[in-house]
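Atoms within a ligand are numbered from 1 in the order they appear, just like the ligands themselves.
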Amino acid sequence: MSNINAGIIGTGHSYPDGVLTNADLEKIVDTSDEWITSRTGIKQRHKAADNEYTSQFGSKAALQAIERAGLTPEDVDIIVCATTTPDQIMPSTGALIQAQIGAKNAAGMDVFAACSGFIYGVTMVESMIRTGQIRYALVIGAEVLTKYVDYTDRSTCVIFGDGAGAAVLGPVAENKGILATKIRSDGRYEEQLYAPGGGTKLGTTHETIDNREHFFKMKGNELFKVAVRSMADISAEMLAKAGYTVDDVDIVIPHQANQRITDAVASRLGVPEEKVYSNIAYHGNTSSASIPIALDECIEQGKVKEGSLVLMTAFGGGVTWGGTLVRF
Ligand code: UT7
């Protein structure tokens with residue numbers, strides 16, 4: 001069996017022009033800029049217009065990533081779109097993006113792992129590339145969360161934002177690429193972050209809509225602790241597996257859930273603040289899109305370059321979590 005190193009060879013991101021500031025939220029729910037800033041670090045988030053939807057942002061990010069990889073859409077063998085907010089329940093957003101970008105040789109599919117979806121996608125395609133089953137994969141994290149957020153629930157509506165990030169993965173030189181990657185879940189924590197309505201269990205009825213059961217519900221406080229523990233522990237596991245320590249890492253890109261979660265993960269791992277990337281002030285929590293958006297920003301800003309050792313870690317509803325260690 002072949003043993004080809006798989007690495008990230010191109011990235012891109014996209015988000016709506018629309019912006020929802022903390023001042024805007026003050027007019028919608030009983031909250032304040034002071035509360036949101038001090039409890040989450042968020043100052044604004046991007047918000048799709050009524051006529052905008054997930055695949056559009058995913059496609060834009062994907063085309064940018066493909067171009068930066070020096071490829072064309074026809075070179076892509078598989079499109080894995082991580083999303084919790086698909087355009088529609090069927091067909092998959094991955095298949096819709098395939099059509100929009102003209103990736104006619106690819107298989108399009110979705111991964112449904114909430115905020116950890118991008119890491120899930122990377123982990124899946126890494127082994128497909130390593131074994132020679134495919135050559136180029138496109139992993140996208142794309143969300144229009146603001147259409148699933150209940151703007152009468154101040155404890156959830158202030159954190160989520162919209163956007164998409166994408167990465168092309170392909171064969172890389174022996175000393176580069178994904179050095180360790182792992183995904184986990186624990187469905188017993190289902191009700192810490194979920195949307196009860198709209199599926200086969202409760203369906204979509206007048207009653208479920210009246211009860212606002214198709215919107216996200218979150219026990220943020222309980223999730224907080226699990227998020228910190230899970231991301232820090234799996235990060236340490238990835239480093240140990242690859243034979244590195246935190247001192248070897250050039251930058252940590254955690255899921256942008258809450259600035260306080262990011263700070264707590266950094267402190268538990270023993271990584272200095274300046275080595276941990278954060279863009280939550282401008283984007284809020286974009287679920288599966290948060291890591292690929294942050295990664296692309298790091299590359300654009302020169303924070304991730306040839307030779308950089310990058311640790312990415314995510315946590316989300318399910319609950320799900322994961323980590324990936326990559327040498328660029
Ligand atoms: O993306 C991955 C999955 N998601 C997460 O990892 C999210 C993790 N959780 C969080 O980010 C935080 O728990 C939140 C930002 C959601 C909430 O922050 P918190 O510090 O955990 O607040 P809390 O839920 O413990 O609420 C503290 C107080 C409550 O008031 P009382 O009961 O103490 O009087 C809330 O009613 O803050 C109140 N509160 C607010 N006040 C003003 C909750 N939301 C707001 C708000 N504005 N938006």
Ligand 1 contact on I36 by region, counting heavy-atom pairs under 4.0 Å: neither
Protein contact to atom 29 (C) of ligand 1 [nearest heavy atom, distance to 0.1 Å]: R154 NH2, 4.6 Å
N/O donor-acceptor pair under 3.5 Å between D210 side chain and E207 backbone: no
Ring geometry between H46 and H283 (parallel below 30°, tilted from 30 to 60°, perpendicular above 60°): tilted
Atom 47 (N) of ligand 1: the protein heavy-atom neighbour that sits closest, reported with distance to 0.1 Å: T31 OG1, 2.6 Å
Ligand-residue contact atoms, ligand 1 with T40, heavy atoms, under 4.0 Å: 15 (C)
Side chain to side chain contact (heavy atoms under 4.5 Å, CB included) between V158 and I42, worked out: CA-CA 8 Å; V158 300; I42 301 168; over 6 Å; no
Closest to atom 8 (C) of ligand 1 (judged by heavy-atom distance), picking from S155, G220, A314, G41: G220
Atoms of ligand 1, numbered as shown, that sit under 4.0 Å from any heavy atom of V158: 48 (N)
Protein contact for atom 32 (O) of ligand 1 (heavy atom, distance under 4.0 Å): no
Hydrophobic cluster membership, M124 vs I97, 4.5 Å side-chain cutoff: no
Option nearest atom 3 (C) of ligand 1 (shortest heavy-atom distance, choices T320, V226, L223): L223
Residue, atom name and distance, where the atom is the protein heavy atom closest to atom 7 (C) of ligand 1: M218 SD, 3.9 Å
Identity of the nearest option to atom 17 (C) of ligand 1, non-hydrogen atoms only, from F315, W35, F216, F224: W35
Nearest protein heavy atom under 4.0 Å from atom 44 (N) of ligand 1, yes or no: yes
Atoms in ligand 1 flagged as close to L193, the criterion being non-hydrogen separation under 4.0 Å: 3 (C)
Min N/O separation S32 to ligand 1 under 3.5 Å: no
Protein contact of atom 6 (O) of ligand 1 - nearest heavy atom, named by residue and atom, plus distance: I261 CD1, 3.5 Å
Heavy-atom protein neighbour under 4.0 angstrom from atom 39 (N) of ligand 1: yes
For R260, atoms of ligand 1 separated by under 4.0 Å from a heavy atom: 20 (O)
Per-atom contacts of ligand 1 with C115, taking only distances under 4.0 Å to non-hydrogen atoms: 1 (O), 2 (C)
Closest protein heavy atom (residue, atom, distance) for atom 20 (O) of ligand 1: R39 NH1, 2.8 Å
Protein residue, atom and distance nearest to atom 11 (O) of ligand 1, heavy-atom basis: N258 ND2, 2.7 Å
Atom 1 (O) of ligand 1 - nearest protein heavy atom and its distance: N285 ND2, 2.7 Å
Identity and separation of the nearest protein heavy atom to atom 25 (O) of ligand 1: N221 ND2, 2.4 Å
For the student: nearest non-hydrogen atoms of D110 and T93, plus distance: OD2-N, 2.9 Å
